[in-house]
2 protein chains.
Amino acid sequence: MEKQITIKDIAIALNISTSTVSRALRDAPDVKAETKAAVKALSEKLDYQPNRLALSLLNRQTNTIGVIIPNLDYVLSTMVKGIDEVALGAGYTVMVCQSDESYGREMVNTKRLLDSLVDGFIVSVSSETKVFEHIKKIQDKKIPLVLFDRIVNNIEAPKIRLDNIDGGRQATEHLIEQGYKKIAILAGPENLNISNKRMEGYLQTLKAHGLRSDKGHIIHCDFNQQYAYEATKELLASKNRPDAIFTISDRMAIGAMLAIKEKGLSMPHDIGLVGFNNEPIVSLVTPAISSVEMYAFEIGKATAKAFIEMMNGGNDMLDQEIIIKPKLFVRNSSKRN
Amino acid sequence: MEKQITIKDIAIALNISTSTVSRALRDAPDVKAETKAAVKALSEKLDYQPNRLALSLLNRQTNTIGVIIPNLDYVLSTMVKGIDEVALGAGYTVMVCQSDESYGREMVNTKRLLDSLVDGFIVSVSSETKVFEHIKKIQDKKIPLVLFDRIVNNIEAPKIRLDNIDGGRQATEHLIEQGYKKIAILAGPENLNISNKRMEGYLQTLKAHGLRSDKGHIIHCDFNQQYAYEATKELLASKNRPDAIFTISDRMAIGAMLAIKEKGLSMPHDIGLVGFNNEPIVSLVTPAISSVEMYAFEIGKATAKAFIEMMNGGNDMLDQEIIIKPKLFVRNSSKRN
DNA sequence: AGCGTTACCGGTAACGTTATCGGTAATATT
DNA sequence: AATATTACCGATAACGTTACCGGTAACGCT
């Protein structure tokens with residue numbers, strides 16, 4: 001790393017003070033046009049770039065947003081893309097740190113970024129996170145915080161998320177409409193809010209239609225094809241075999257699909273299947289899988305917008321919750337009539 | 001944002017100098033044990049966190065790596081995960097910026113990070129990038145740079161990449177062994193190095209086995225299922241219909257698969273299919289798709305390791321090229337005997 | 001001639017931290 | 001008792017930048 005060009009170098013070369021150089025570069029009114037021109041010409045020639053560290057230290061702001069996410073799967077990548085787009089436009093640089101679904105790494109990442117590196121946080125918590133001291137610490141320091149997707153209820157911050165209950169409802173209602181009676185659900189980890197909400201939608205809808213929800217038809221497993229595959233195998237081998245499965249992610253849907261095919265059952269005839277996320281892949285397998293679109297890119301954009309609004313003094317936003325409506329895309333895995 | 005606790009606050013509270021506080025916190029030998037204890041206790045109590053901006057300004061290093069990537073698809077996400085893992089372990093924070101395959105955004109991102117925000121760069125260029133002034137600027141400033149995956153040949157920097165030619169060779173050789181005679185290739189954008197290398201392996205292998213490569217069997221299209229789907233439809237409708245297709249990504253393989261199924265052809269009997277990347281999805285569709293594993297996580301780790309080595313003064317690494325060997329995983333889409 | 005105004009510029013302090021030098025008091029050595 | 005050594009600590013400068021205050025020279029006005 002070479003010594004970088006500073007304002008001082010220019011000042012010495014032109015035999016003026018650093019103050020004048022600084023003013024000239026910022027087009028201040030009280031600098032002779034001639035001087036300005038000389039300064040600008042030289043700084044151009046030397047390819048002067050202001051040192052953002054020094055500026056940040058002085059202004060106490062870095063124009064950087066810390067984004068903490070559990071992983072970089074399809075949905076979160078898409079959300080990050082949305083955040084990125086809006087943030088970049090507003091002059092912010094985004095710092096993405098993935099916790100890899102680990103509470104420990106989430107804490108470490110948060111702490112690092114907290115050391116005056118970012119102006120604020122956009123967080124989606126890991127599935128392992130059950131204690132929120134690190135999040136509270138952000139707020140103790142009065143640093144702007146926005147939660148998205150995997151939100152935490154008892155923290156007061158703007159929250160941007162999907163209407164997960166409604167997503168669960170749409171999927172379940174559709175299956176019922178198609179005549180399925182024994183609908184199982186492959187849910188995610190037990191303490192994961194988004195999973196529980198989707199399940200809540202599922203349970204509510206069953207109840208509303210006077211259907212019983214067999215306890216054996218509710219299965220918690222990790223966000224993982226392999227687990228989903230095995231869970232489905234068990235489901236299909238059970239005494240009270242379900243005639244439809246709602247999985248709360250497409251990855252899991254594909255795992256389930258594999259087990260269904262292996263068993264020699266046909267979709268949608270013998271068994272119906274609905275996934276969640278509407279990843280591109282679901283329309284490319286056979287049969288194409290019905291799935292709930294969650295508009296991840298939009299969620300990302302809305303999150304960044306809320307963040308920026310908050311940065312601009314919107315402390316009245318603390319209790320705001322932006323809820324995006326999902327939409328079921330029906331495909332052949334569940335379309336019986 | 002509240003005023004943060006500084007070393008000065010502690011100094012005033014304990015009626016000692018900032019120098020002493022600083023030394024006490026760093027466990028310097030020439031501080032009374034009693035003083036140390038007092039400082040540590042208070043800094044603990046006030047939850048003092050050193051200001052990394054100030055430190056960075058002083059030491060001229062930020063302990064941050066700028067990672068520029070074209071997007072966050074499966075392969076790159078996995079590589080970033082590898083980079084992250086190694087970098088975190090070495091005390092670096094990673095700043096991921098995606099260019100979204102746009103030359104303009106790649107430039108903007110690079111420039112921003114160049115303003116003293118990062119100690120070095122790890123770059124994978126966008127498919128749109130044909131001019132490399134922004135990359136050369138990094139080197140002009142003597143800032144460490146490592147290229148990975150989508151590398152640029154005429155830039156002198158450590159490069160970590162897959163042996164793409166060999167990947168193309170393995171795929172093609174396998175298809176030939178399975179008795180396929182008319183092997184088409186779905187390649188990526190024309191100026192994309194990784195695509196051209198995989199194609200080179202394909203062409204070399206055809207030649208080595210005395211097979212002609214029909215010009216109509218070489219198709220360039222974007223990394224995109226939809227394009228691949230349409231391109232395959234055309235291929236299958238052409239006079240000289242291929243009996244096998246090698247796609248240089250799994251996304252494209254799935255697009256191709258869709259077209260093949262639609263046409264009513266069976267794999268591997270009527271037509272063979274081999275993809276690239278070995279994404280989890282390929283083993284979950286029917287038939288499972290053969291694919292070339294590129295060990296993305298390993299590439300990510302190797303990249304970060306090379307970067308760190310370079311940071312530690314390894315300027316002798318400038319011409320080093322680490323080449324990871326791929327490995328074909330054979331599945332039912334191409335296993336005829 | 002004396003005063004105010006304008007145009008322009010320089011010096012200093014500050015952001016938070018640490019390296020370096022130097023100093024003082026207590027203790028050890030002769 | 002005089003000197004050397006040790007243990008401990010404070011002041012200062014520096015990293016690069018800008019806000020703020022102040023100053024000088026030139027000019028115009030009465």
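Each chain gets a letter, A, B and so on, in the order the sequences are listed, and its residues count up from 1.
Put simply, the side chain of A/Ser17 and the base of C/dG11 share no donor and acceptor less than 3.5 Å apart.
A distance of 12.0 Å separates CZ in B/Phe148 from CZ in B/Phe307, rounded to the nearest 0.5 Å.
Following rounding to the nearest Å, A/Leu25 (CG) and D/dT18 (P) show an atom-to-atom distance of 7 Å. The distance from atom CG of B/Leu57 to atom C1' of D/dC15 is 4 Å, rounded to the nearest whole Å. Atom CD of A/Glu34 and atom C1' of C/dC8 are 12 Å apart (whole Å). Between the CZ atom of B/Arg60 and the C1' atom of C/dA19 there is a distance of 13 Å, given to the nearest Å. A straight line from NZ of B/Lys8 to P of C/dT17 spans 11 Å, rounded to a whole angstrom. The interatomic distance linking A/Leu53 (CG) with C/dC15 (C1') rounds to 12 Å, in whole Å. Rounded to an integer number of Å, the gap from CZ of B/Arg23 to C1' of C/dT18 is 10 Å. Rounded to whole angstrom, the span from the NZ atom of A/Lys32 across to the P atom of C/dG10 amounts to 10 Å.
Where A/Ala54 and B/Val21 meet DNA chain D, the nucleotide closest to each residue was compared, and B/Val21 sits on the side nearer the 5' end. Nucleotides of DNA chain D nearest to B/Ala33 and B/Ser19 differ in position, and the one nearer the 5' end is that of B/Ala33. When each of B/Asp30 and B/Pro50 is assigned the nucleotide of DNA chain C with its nearest heavy atom, B/Pro50 is the one assigned upstream, toward the 5' end.
A/Thr6 comes within 4.0 angstrom of sugar-phosphate atoms only, judged by non-hydrogen atoms across all strands, and of no base. As judged by a 4.0 angstrom heavy-atom cut-off over every strand, B/Ile16 is placed among residues touching the sugar-phosphate backbone only. Among the protein residues, B/Leu58 comes within range of the nucleic acid bases, having at least one heavy atom under 4.0 Å from a base atom.
Remark: the backbone N or O of B/Val75 is paired with a side-chain donor or acceptor of B/Asp73 at under 3.5 angstrom.
Annotation: side chain of A/Asn51 is in contact with side chain of B/Leu57 (closest heavy-atom distance under 4.5 Å). No side-chain heavy atom of B/Glu156 sits under 4.5 Å from any side-chain heavy atom of B/Leu147.
Between B/Asp319 and B/Lys159 there is no salt bridge, since no side-chain N of the basic residue sits under 4.0 Å from a carboxylate O of the acidic one.
OP1 or OP2 of D/dC9 sits under 4.0 Å from a side-chain N or O of B/Thr35. The side chain of B/Thr20 contributes no N or O atom lying less than 4.0 Å from OP1 or OP2 of D/dC9.
The side chain of A/Gln4 sits closest to D/dG16 out of D/dT18, C/dT17, D/dG16.
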